[in-house]
Amino acid sequence: MSTTVMDQPPLLRMRGFRNLFVARAVSELGSQVSYVALPLLAVTVLGAGAGEVGLLSALGTITVLALGLPAGAWVDRVRRRPVMIVTDVVRAGVLLSVPVAWWAGSLSMGQLYAVAVLMGAGTLLFDVASMSLVPGLVGRDRLTSANSLLVATGAGTDVAGRSTAGVLVQLTGAPLAVLVDALSYLWSAAWLRGVPEPPPVASPAREPVRRQIVAGVRFLFGNSVLVAALIQGTLANLAFPLCSVLLPVLLVGRLGYPEWVLGAYLAVGGLGALAGSSAAHAIGRRLGTGRATWLASLATAPASLLIPLLDRGPWLWAAAAGWFVLTFRTGVNNVLLTSLRQRVTPDDMLGRMTATMRLLLMGAVGVGGLLAGALGEMWGVRSALWLGAVIMAVSWVPFLFSRLRHEP
C-alpha cells in the first residue's frame with residue numbers, strides 16, 4: 001500500500017526541501033535589496049537619468065528573452081543542484097564587484113549594465129534549475145503544498161526585502177546594501193550543499209541542443225493544459241505593467257501624493273500575493289486545482305475595474321482594494337498553476353518547459369511596460385490603466401475553453 005500524504009513528514013522536516021527553502025528565501029530577500037539599491041546607486045552616485053535607470057531595469061528581462069530556451073535545454077542535461085550553487089557563487093562575485101569599484105572610484109554605468117545582464121542570466125539558470133528540482137524532492141503529490149510555501153515566502157520577501165532595503169540604503173548607503181545581497185548568495189550556496197538530487201535522465205543528453213529546444217516547445221504547445229495556463233499567464237503579465245508602470249506619474253506627479261503612498265500602494269500588492277499563495281493549498285485541496293484556478297480568476301476579475309478609478313480620497317482606497325484582490329488571485333494561481341505544470345511535465349522535460357514558459361511570460365511583461373509608456377504618451381495615464389484592467393478582467397477566459405478546469 002502506497003504512503004499517503006498524511007503519513008509523510010511535514011515538508012520543512014525533509015532535509016532536502018528545507019535546505020532548498022532556506023536557500024531560496026535568503027537569496028530572494030537579498031535580491032530585493034539590490035532591486036532597490038542598484039537603481040538608487042545609479043542615481044545618487046553616478047547621476048543617472050530616467051533612460052539609464054530604465055535600461056538598467058530592462059536588461060534583466062532582455063537577458064531572459066535571449067537565453068531562456070537554451071538555458072532550459074542545458075538544465076535538462078545536467079544535475080540541477082550544482083547549477084544553482086555555481087550561479088549563487090557567480091552572482092555573489094558579480095555583486096561584490098560593485099562596492100569594490102565604488103571604493104576604488106571606478107564605478108560606471110557600463111559596469112552596472114554588465115551586472116544587470118549577468119545577474120539576469122544567473123537568476124534565470126537558478127530559477128529554472130530550482131523549479132525543476134522541486135518535484136524530485138517532495139514527490140508530485142505534494143507539489144501544491146511545497147509551491148505554496150515557496151511562493152508565499154517569495155511574496156513575503158518582496159514586501160520585507162524592499163522595505164528593509166530602503167532603510168538599509170538610508171543607513172549604510174547603496175554600495176554596502178549591494179554587499180549585503182552578495183553575502184546572501186553565498187549563504188544560499190552553503191545551504192544548497194545539503195540538497196540531494198537524482199541524476200538527470202540520460203537519454204536526451206547527447207541530442208543536439210537545437211533538437212532539445214524544439215522538443216520542449218512542441219511539448220508545451222502540444223499540451224492543452226499548459227497552453228491554457230500559458231495564455232492566461234501571458235494576459236495577466238501583459239496587464240500588470242499596464243496597471244502599475246505609470247503609477248508614479250499618476251499618484252505622485254498628477255495627484256500630488258507623497259512617495260510613501262506609492263510605496264504603500266505597491267506593498268498592498270505584495271501582501272495580496274502573500275495571502276493568496278498562503279491560501280492556495282487549502283483552496284486547491286477543496287475545489288481541485290483546475291476548478292480553483294479558473295473560479296478564483298473569474299471571481300476576482302471585476303476588481304481590476306477599480307484600478308483606473310484611482311483618484312484622491314476614497315477612490316485611492318478602492319483602487320488599493322482592487323489591487324489587493326488581483327494580487328491575491330496571482331498568489332493563488334502562481335502556486336496552483338506552477339504545481340500543475342510540474343505535475344503534467346516529465347522529469348526530463350521540466351527545464352525546457354519552465355524556461356519556455358518563463359521566456360513567454362517575461363516577454364509579456366516587457367511588452368506591457370512598453371505599451372504602458374506608449375499609451376501614456378499618446379492618450380494619457382488612465383488609458384493604460386483601463387486597457388490593463390480590461391485585459392485582466394477577461395484573463396480567465398482561456399480556462400473556460402480548456403480541460404484545465406477539470407484537473408484535480
Side-chain angles (χ1 to χ4, degrees), residues 151-152 154-156 158-163 166 232-280 283 292-336 364-365 368-369 371-397 399-400:
V151 174
D158 282 352
V159 178
R162 293 180 189 184
S163 58
Q232 188 277 334
T234 300
L235 290 173
N237 280 14
L238 179 66
F240 265 110
L242 287 165
C243 292
S244 60
V245 164
L246 299 181
L247 285 175
V249 178
L250 179 60
L251 271 172
V252 180
R254 304 272 176 88
L255 300 178
Y257 283 106
E259 288 81 355
W260 70 263
V261 173
L262 172 63
Y265 183 97
L266 295 175
V268 165
L271 293 173
L274 175 61
S277 54
S278 300
I283 295 173
T293 51
W294 88 272
L295 286 178
S297 298
L298 176 61
T300 58
S304 65
L305 301 178
L306 291 170
I307 292 175
L309 302 176
L310 192 157
D311 211 324
R312 296 182 180 88
W315 288 112
L316 173 64
W317 294 94
W323 186 243
F324 177 89
V325 171
L326 289 181
T327 54
F328 177 90
R329 186 269 295 272
T330 299
V332 171
N333 282 357
N334 280 352
V335 171
L336 297 181
V365 173
L371 190 56
L375 289 174
E377 287 291 332
M378 292 187 294
W379 293 307
V381 172
R382 292 193 190 275
S383 66
L385 295 180
W386 275 113
L387 179 59
V390 171
I391 293 174
M392 191 70 76
V394 301
S395 63
W396 58 272
V397 172
F399 293 158
L400 187 63

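Below, all heavy atoms of this structure are taken into account, side chains as well, without hydrogens, waters or symmetry copies. Everything quoted here is computed from the prediction, not taken from an experiment.
- Residues Leu385 and Cys243 share a closest heavy-atom pair of CD2-O, 3.5 Å.
- Nearest heavy-atom pair, Ala296 versus Val332, reported as atom, atom and distance to 0.1 Å: CB-CG1, 4.4 Å.
- Note: Thr293 OG1 to Leu336 CG = 6.5 Å, rounded to the nearest 0.5 Å.
- Contact between Gly313 and Trp317 at its shortest, heavy atoms only, is O-CD1, 3.7 Å.
- Taking CZ of Phe324 as the reference point, atom OG1 of Thr300 lies at 11.5 Å (rounded to 0.5 Å).
- Side-chain contact between Leu326 and Ile307 is present, with heavy atoms from C-beta onward closer than 4.5 Å.
- Taken from CG in Leu316 to CG in Asp311, the straight-line distance is 9.0 Å, to the nearest 0.5 Å.
- Scanning both residues, Ala280 and Gly331, for their nearest heavy atoms gives CB-O, 4.5 Å.
- Residues Met392 and Thr330 fail the side-chain proximity criterion, which asks for heavy atoms closer than 4.5 Å.
- Looking at heavy atoms from C-beta onward, Asn333 lies in side-chain contact with Gln232 at the 4.5 angstrom threshold.
- For the pair Phe240 and Thr327, the tightest heavy-atom approach, listed with the atom from each and the gap, is CE2-CG2, 4.1 Å.
- Side-chain contact between Trp396 and Leu235 is absent, with no heavy atoms from C-beta onward closer than 4.5 Å.
- With a 4.5 Å cut-off on side-chain heavy atoms, Arg329 and Ser304 do not count as touching.
- Contact detail for Ala320 and Val268: the closest heavy-atom pair is O-CG1, 3.6 Å.
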